[in-house]
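First up is the structure itself, then whatever we jot down about it.
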Amino acid sequence: MTSRSRLPFFIGVFLLIAAGIVLAVWRHLELGIPWLAGEQRPVWMIEARIDFDGNDEPVVASLHVPDQPPGFRILSEQAASPGYGFSILEKSGSRRAEWTKRLVTGPQTLYFKAQFIPDDTAQSPSPKREPKARRVFWEEPEATAVQEILAQAEERSSTPESMTRELIRLMQPDTRTQNTTLLVTDEDYLDLLVDMLNHSGIPARTADGLKLRDARRRQSLMPFLQIYDGDQWLTFDPETAAQGIPDNLLLWRQGSASLLDVVGGDNSEVSFSMLRQTVPALQLMTMELKTNGLGLISFYELPIEEQSMFRMLLLLPLGALIVAFMRIVIGIRTSGTFMPVLIAVAFVQTTLIPGLIAFLSVVSIGLVMRGYLSSLNLLLVSRISALIILVIFITAGLSIIGYQMGFNTGMTVTFFPMVIIAWTIERMSILWEEEGAREVIVQGAGSLFVAICAYLAMSAPLAGHLTFNFPELHLTILGLILLMGQYTGYKLSELVRFTPMKAYD
């Protein structure tokens, strides 16, 4: 094969390896599947409590709930409100949880619970229509005061962000002038900032955020100011003029929609409790797959029994890679091409020591019985058929003896492939007759050594996690096996054999 004819092969192998890695990275980034099995993720459980007094009439209670808050993803939502009808509605661009009941009397308490996952990449959706600054009418002397303050802030700024920061600074108590004192009251300070920014041509609105602190109860929302810079809504602290969303702040409400509306009740109020939980990242991923509909590309949608089967099957390519490396590159001789993989699979099910004891016992007793069958001069088909039956009896007997002695060897026996073991015994017996006991020991020991190496790789928790959750990595394993298939150099064992020739030269 010329070097030119090998080029398409190497290109194909490169594409296989690259496709496996790229798809695995995509699955990690898009679906959130962790690279490590024991990885943990924080989850915030937020509970909104609504209290009000019923007026002996039908009640409609409506609470604004977040819709894709920046820095967080919503994992689950539920309401605890016995006797109430509940639904989540979209009203005028506002997402609201609504409770309804025909007749309500006396004190009432409603609960809304949601789980939020911190995610630095999560952003609020862009507005469908570009926000416009609304017109604000001012009467004298407030109109003159507003114009002078805005002119002063505009003189010190060049962008909507800097204009907002300067306006907030001018409205602070330590920098107030006669004009700001005329305008500002503690009750309407934030609404005044919103009106003044809209008057200056900058779309502005209020927002409410919840400071996340573990195991806190009866918490209130913190007010914030938001402006639209032409691309997105920017958040400001109305007291310090700090721009950006602080760490561990969940923006519960963004916009002019009211936080809580109760029709048919009085003295309504809402408070928040929060709890930080730590959840395994893999469990979190499976929960998200069920909610976002992406479970179709995951094994987790299969029944548990089939998942267990695939967990084992998807380990076989890794065992095949180990066997190919040991035979092609290292040069270890084994009894049968992929018998070590089957032995390794049995070891994975039974653990190493019990599996070794059972395998050696079955093969040893089988070789003795095969010697007796050889003396009967049977045909090959009859000899193999008889050997299979004898292997079944041997493994059954070992299981009974092991159980009586307190060892659970039944599982070990079940997972050893009977027909393959029968053929292995037949091959070893023929090899014994043709090559001698030494060759049988070499190939048998080589098979066990390769099987133990494959077992150590396949039983590693990381291997099981990656092969089941990133099945596309098997494309990379396939590419590596194809590359090894092109290797025609010396095996490492051959280098040891030919060392005396090098010394002679």
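What's counted below: heavy atoms across the whole structure, side chains too, no hydrogens, waters or symmetry copies.
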How about [X] and [Y]: do any of their side-chain heavy atoms sit closer than 4.5 Å?
| X | Y | value |
| --- | --- | --- |
| R73 | P118 | no |
| L260 | S62 | no |
| L225 | T164 | yes |
| V329 | M484 | yes |
| P238 | L193 | yes |
| W233 | R205 | yes |
| R165 | P160 | no |
| L251 | P70 | yes |

At their closest point, which heavy atom of [X] faces which heavy atom of [Y], and how far apart are they?
| X | Y | result |
| --- | --- | --- |
| C453 | M326 | SG-CE, 3.6 Å |
| L318 | A457 | CD2-O, 3.7 Å |
| T206 | R253 | OG1-NH2, 3.1 Å |
| A344 | A454 | CB-CB, 3.7 Å |
| G209 | F224 | N-CD1, 4.0 Å |
| Y455 | V348 | CD1-N, 3.7 Å |

Next on the checklist: Test side chain to side chain contact (heavy atoms under 4.5 Å, CB included) on L63 and L259; report intermediate values, then the result.
Outcome noted: CA-CA 6 Å; L63 174 69; L259 176 63; 4.2 Å; yes
To the nearest 0.5 Å, tell me how far [X] [atom1] sits from [Y] [atom2].
| X | Y | atom1 | atom2 | result |
| --- | --- | --- | --- | --- |
| F236 | I245 | CZ | CD1 | 11.5 Å |
| L482 | I477 | CG | CD1 | 12.0 Å |
| N267 | D51 | CG | CG | 10.5 Å |
| I328 | Q486 | CD1 | CD | 10.5 Å |
| H474 | L466 | NE2 | CG | 10.0 Å |
| R216 | L275 | CZ | CG | 12.5 Å |

Under the 3.5 angstrom rule, does the side chain of [X] hit a backbone N or O of [Y] as a donor-acceptor pair?
| X | Y | result |
| --- | --- | --- |
| K211 | L250 | no |
| N198 | A204 | yes |
| N55 | E57 | no |
| E77 | I74 | no |
| E154 | Q152 | no |
| T476 | I17 | yes |
| S258 | D261 | no |
| R95 | E90 | no |
| D214 | R276 | yes |

Next on the checklist: Assess the residue pair S157 and E166 against the criterion (side chain to side chain donor-acceptor pair (under 3.5 Å)); give the C-alpha distance rounded to whole Å, side-chain angles, the decisive distance to 0.1 Å, and a yes or no.
Outcome noted: CA-CA 7 Å; S157 62; E166 291 301 322; over 6 Å; no
Can a side-chain donor-acceptor contact be found between [Y] and [X] if the only test is distance below 3.5 angstrom?
| X | Y | value |
| --- | --- | --- |
| Q226 | T235 | yes |
| E161 | Q243 | no |
| R213 | Q219 | yes |
| R49 | S271 | no |
| Y228 | E130 | no |
| R156 | S162 | no |

Within the supplied structure, the quantity of interest is the number of heavy atoms (other residues, nucleotides, ligands) at a distance under 6.0 Å from [X] [atom1]; does it exceed 12?
| X | atom1 | value |
| --- | --- | --- |
| D56 | CG | yes |
| Y84 | OH | yes |
| R134 | CZ | yes |
| K113 | NZ | no |

Checklist entry - Given the rule in the side chain to side chain contact (heavy atoms under 4.5 Å, CB included) test, do F325 and L480 qualify, once you have shown the distances and angles that lead to the verdict? => result CA-CA 10 Å; F325 177 79; L480 294 175; over 6 Å; no
Checklist entry - I117 and R41: side chain to side chain contact (heavy atoms under 4.5 Å, CB included), yes or no, with the steps? => result CA-CA 8 Å; I117 308 169; R41 296 273 177 85; 5.5 Å; no
Next on the checklist: Looking only at the aromatic ring of each residue, does the gap between the centers of H64 and W252 stay below 6.0 angstrom?
Outcome noted: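 No.
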Next on the checklist: Assess the residue pair E98 and S87 against the criterion (side chain to side chain donor-acceptor pair (under 3.5 Å)); give the C-alpha distance rounded to whole Å, side-chain angles, the decisive distance to 0.1 Å, and a yes or no.
Outcome noted: CA-CA 6 Å; E98 186 174 278; S87 58; 4.8 Å; no
Next on the checklist: Tell me whether R311 forms a cation-pi arrangement with F468, defined as NZ or CZ under 6.0 Å from the six-membered ring centre and within 45 degrees of its axis.
Outcome noted: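 Flagged: R311 positioned over aromatic ring of F468.
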Item to check | Parallel, tilted or perpendicular: ring planes of F470 versus H465, cut at 30 and 60 degrees | outcome: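 Geometry flag for H465 against F470: perpendicular rings.
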Next on the checklist: Under the criterion side chain to side chain contact (heavy atoms under 4.5 Å, CB included), I'd like the reasoning laid out for R218 against S273: C-alpha separation, chi angles, the key distance, then a yes or no.
Outcome noted: CA-CA 6 Å; R218 296 285 183 173; S273 301; 5.6 Å; no
